[in-house]
Amino acid sequence: MIGILAPSGPLRNGDLNDIKKSIERFGYKVKFSRSCYLNHKGYLAGDDFIRCRDLEEMFLDDEVEIIMCLRGGYGATRILDLIDYDIIRANPKIFIGFSDITALHLAFYKKCGLKTFHGIMGASSPRWDKFSYKSLVNALTFKGELNLKNPKQQKIHTVYGGSAEGIIVGGNLALIVSTLGTEYEIDTKGKILFIEDIGEPLYKLDRMMTQLKMCAKLKDCSGVIFGDFKDCADEEEVYNLMKEFLKDTKKPSIFNFKSGHCMPMITIPLGEKCILDAVDKTVKILR
């Protein structure tokens, strides 16, 4: 059974019945948390206590095998200090989401060592395409080795050549930056850093990357995968900006890896060993 959780924003477009039917077509049973039905302050799916308790109950529910977030938006950071991480640690489950859900990916890995999945969410299920669903299933079920590849005709670009390996961590740039200086701060030392974002003008991307640089996150990592930057700026401008921030270290890095606010979308198993070849533009996950 898939448990659908709303730890961030409320459902804005779409219908829960349509979402349920869409996911059931893939052969799963579906259970919604209370927060999926709520709208608090216009931008939260229920108050902080409800969203936190829903999260804990999903991990405690013996019927639920997979926890998938409904959508992102805003609000996950508000519940990080409220979560009983002993519950998560004692009841590890598949946990899927992206965007604002990055805050939970970071917290679960830092506090519990839980490996999670940067992947498609419930609200988009009526639009899931064959590539995105197959990528999700492959990420959840692979044994040994998984090669993550872009959809056909979507080119990956080398930023700086070379190869690197390490545990893959990261997610949404804005959320990574918003947790710096907290106990949930990302650790990039010797790791492959994955970054994506949406709707940010170039100067805001610049500001956030500057903060990552000043915190030595770019220096510490072994390589960088730049994902999808939907509606941010001209693609070439974003590429040139990211290249500028890596010019001192020239870490092995690639750009336009299709994971983020895009469809089709690659699901990334976070917390697993990753081998990045920036020359051949390949990403391999090992388990």
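FYI, side chains are in, hydrogens and waters are out, and symmetry mates aren't considered; it's all heavy atoms of this structure.
Classified by interplanar angle (parallel below 30°, tilted 30° to 60°, perpendicular above 60°), the ring pair F108/F95 is perpendicular. Note on ring orientation: taking the six-membered ring where Trp is involved, the planes of H118 and H105 are tilted (angle from 30° to 60°). Ring pair H157/Y239 is perpendicular by interplanar angle, where above 60° counts as perpendicular and below 30° as parallel.
Cluster membership for I94 and I120, using ILVMFWY side-chain heavy atoms within less than 4.5 angstrom, is shared. Residues M214 and V177 do not share a hydrophobic cluster, defined by chaining ILVMFWY side chains whose heavy atoms lie under 4.5 Å apart. Both F117 and F26 are part of a single hydrophobic cluster, where members link through side-chain heavy atoms under 4.5 Å apart.
Residues V238 and F255 form a side-chain contact, since some pair of their non-hydrogen atoms from C-beta on lies under 4.5 Å apart. Contact annotation: the side chain of D187 approaches that of K191 to within less than 4.5 Å [non-hydrogen atoms, C-beta and beyond]. Contact check for P92 versus C112: no side-chain heavy atoms found under the 4.5 Å cut-off. At least one side-chain heavy atom of I101 sits less than 4.5 Å from a side-chain heavy atom of M121. Between V159 and V224, the closest side-chain pair of non-hydrogen atoms is not below 4.5 Å. At least one side-chain heavy atom of I176 sits under 4.5 Å from a side-chain heavy atom of L212. Taking 4.5 Å as the limit, some side-chain heavy atom of P264 sits within range of a side-chain heavy atom of P151. Taking 4.5 Å as the limit, every side-chain heavy atom of N39 sits out of range of all side-chain heavy atoms of L11.
Nearest heavy atom pair, residue I2 against residue Y28, reads CD1-CG, 3.6 Å.
Atom CG of L5 and atom CE of M68 lie 11.5 Å apart (nearest 0.5 Å). Summarising the geometry, atom CG belonging to D197 is positioned 4.0 Å from atom CG belonging to N172; distances are rounded to the nearest 0.5 Å. Separating the CG atom in L70 from the SG atom in C36 is a distance of 5.0 Å, to the nearest 0.5 Å. Atom OG of residue S8 and atom CG of residue L104 lie 6.5 Å apart, to the nearest 0.5 angstrom. To the nearest 0.5 Å, atoms CE (M208) and OH (Y203) are separated by 10.0 Å. For the atom pair NZ of K204 and CG of L173, the computed distance is 12.0 Å after rounding to the nearest 0.5 Å.
Applying the under-4.5 Å side-chain rule to Ile, Leu, Val, Met, Phe, Trp and Tyr, the cluster around I192 extends to F131, F142, L146, L148, I156, I168, F194, I225, I254, F257, I266, I268, L270, L276, V283, I285.
Salt-bridge annotation for E56 and R53: present, with a side-chain N of the basic residue lying under 4.0 Å from a carboxylate O of the acidic one. Look at E183 and K110 and you find no salt bridge, because none of the NZ, NE, NH1 or NH2 atoms lies under 4.0 Å from a carboxylate O. Remark: K217 engages E185 in a salt bridge, criterion side-chain N to carboxylate O under 4.0 Å.
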I would like to know whether E272 and K115 meet side-chain contact (heavy atoms from CB on, under 4.5 Å); could you show each step before the answer? CA-CA 7 Å; E272 300 285 4; K115 300 174 181 179; 3.4 Å; yes

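Under 3.5 Å, the side chains of N256 and K258 contain a donor-acceptor pair of N or O atoms. Counting only N and O atoms by type, the side chains of S35 and D54 include a donor and acceptor under 3.5 Å apart. For the residue pair S132 / D129, a side-chain donor-acceptor distance below 3.5 Å is found, with atom types taken as modelled. Side-chain contact of T210 with D206: a donor-acceptor pair under 3.5 Å is present, judged by distance alone.
By the neighbour-count criterion of 12 heavy atoms within 6.0 Å, atom CD of E236 is sparsely surrounded, having that number or fewer from other residues, nucleotides or ligands. Sparse packing is recorded around NZ of K219, with 12 or fewer heavy atoms of other residues, nucleotides or ligands lying under 6.0 Å away.
Taking the ring centre of Y160 as origin, the terminal cationic atom of K243 falls inside the region bounded by 6.0 Å and 45° from the ring axis.
In this view, D61 and K31 satisfy the salt bridge (charged side-chain N to carboxylate O under 4.0 Å, His left out) rule, not counting sequence neighbours.
Formation of a donor-acceptor pair under 3.5 Å by the R51 side chain with backbone atoms of G75 is found in this model. A distance-only check finds no donor-acceptor pair linking the side chain of T102 to the backbone of F98 [under 3.5 Å]. D47 places a side-chain N or O within donor-acceptor distance of the main-chain N or O of F49, the cut-off being under 3.5 Å. Listed for the Y85 side chain is a donor-acceptor partner under 3.5 Å among the backbone atoms of L80. Judged purely by atom type and a 3.5 angstrom limit, S125 has no side-chain atom pairing as donor or acceptor with the backbone of S22. Between the R89 side chain and the K111 main chain, a donor and an acceptor come within less than 3.5 Å of each other.
For the side chain to side chain contact (heavy atoms under 4.5 Å, CB included) test with V64, the passing option among E57, K29, M58 is M58; the others fail.
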